[in-house]
Amino acid sequence: MTDPTTASAIREIQDAALSRALTDGDHARQSLAVAGALETARTEATETGFDGGGVTLAASLAFVSTLFAHRRLRESLQSSVRASDDSAWYPSGAPARVDDDLVVAGARLAVRRFDVDPALVGALGDVSTEKVASGE
């Protein structure tokens, strides 16, 4: 089970990601996925202890932090080199796309916390409104 301080910190990070999703359409999908990933990690942490063999909250948060650091580094390298082809930064040649399940989880969180219309966050996250509205 997560302690209240950790739960509060996770909620603050999620709320910041959800706020960004609602105000920055260019990064809405990624921001919803971050909130969804943290919710998934939080849920797993409350169901699994350190000795349970599952993914711990601390490990999940460290992974998400690493993703943020990677993205910031990639963005700074792109702006300094002024790369015109974003696909050059991905081994497959195509930009990485975050998992729809994480985006849906984040979109559902936005609906619950900010009373946002499922159609709006579905459109921002490029996911089905039906999946967002279906709840948990």
Side-chain angles (χ1 to χ4, degrees):
M1 184 125 194
T2 58
D3 65 84
T5 304
T6 303
S8 176
I10 292 169
R11 185 178 178 100
E12 287 179 29
I13 295 168
Q14 287 174 319
D15 287 351
L18 294 173
S19 293
R20 181 171 186 194
L22 297 172
T23 58
D24 183 358
D26 292 338
H27 297 100
R29 184 173 170 83
Q30 293 89 347
S31 296
L32 289 169
V34 167
L38 289 170
E39 186 63 11
T40 302
R42 186 195 62 76
T43 303
E44 287 180 7
T46 59
E47 296 171 357
T48 306
F50 283 97
D51 298 328
V55 177
T56 66
L57 178 63
S60 298
L61 290 176
F63 179 71
V64 170
S65 298
T66 303
L67 291 177
F68 270 113
H70 168 73
R71 180 171 171 221
R72 290 283 187 195
L73 177 59
R74 184 177 49 81
E75 286 175 351
S76 68
L77 288 172
Q78 284 179 320
S79 64
S80 67
V81 176
R82 296 189 188 347
S84 60
D85 181 12
D86 193 44
S87 66
W89 296 95
Y90 300 96
S92 67
R97 187 163 164 88
V98 294
D99 189 300
D100 279 351
D101 291 340
L102 295 178
V103 177
V104 169
R108 288 176 180 164
L109 203 57
V111 170
R112 284 194 313 269
R113 289 200 185 155
F114 297 145
D115 196 29
V116 179
D117 182 28
L120 173 64
V121 287
L124 287 170
D126 191 27
V127 292
S128 162
T129 302
E130 292 77 26
K131 286 183 181 180
V132 175
S134 70
E136 298 176 326

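Taken from CZ in R11 to CG in L18, the straight-line distance is 9.5 Å, to the nearest 0.5 Å. Here the CZ-CZ distance, from R108 to R113, works out to 14.5 Å after rounding to the nearest 0.5 Å.
A pairwise comparison of heavy atoms in A107 and V132 identifies CB-CG2, 3.7 Å as the closest pair. K131 and S134 make their closest contact through O-OG, 2.9 Å (heavy atoms, listed as atom of the first residue, atom of the second, distance). Listed here is the closest heavy atom pair of A28 and L124: CB-O, 3.6 Å. In plain terms, the two heavy atoms of A17 and S31 that are nearest each other are O-CB, 3.2 Å.
Using a 4.0 Å cut-off between charged nitrogen and carboxylate oxygen, D26 and R20 do not count as a salt-bridge pair.
The only member of D115, L109, V116 that meets side-chain contact (heavy atoms from CB on, under 4.5 Å) when paired with R112 is L109.
Side-chain contact between V121 and L22 is present, with heavy atoms from C-beta onward closer than 4.5 Å. Using a 4.5 Å heavy-atom threshold, the side chains of V127 and R29 count as touching.
When the side-chain contact (heavy atoms from CB on, under 4.5 Å) test is applied to L102, the partners found at least two apart in sequence or on another chain are A33, A37, T40, D99.
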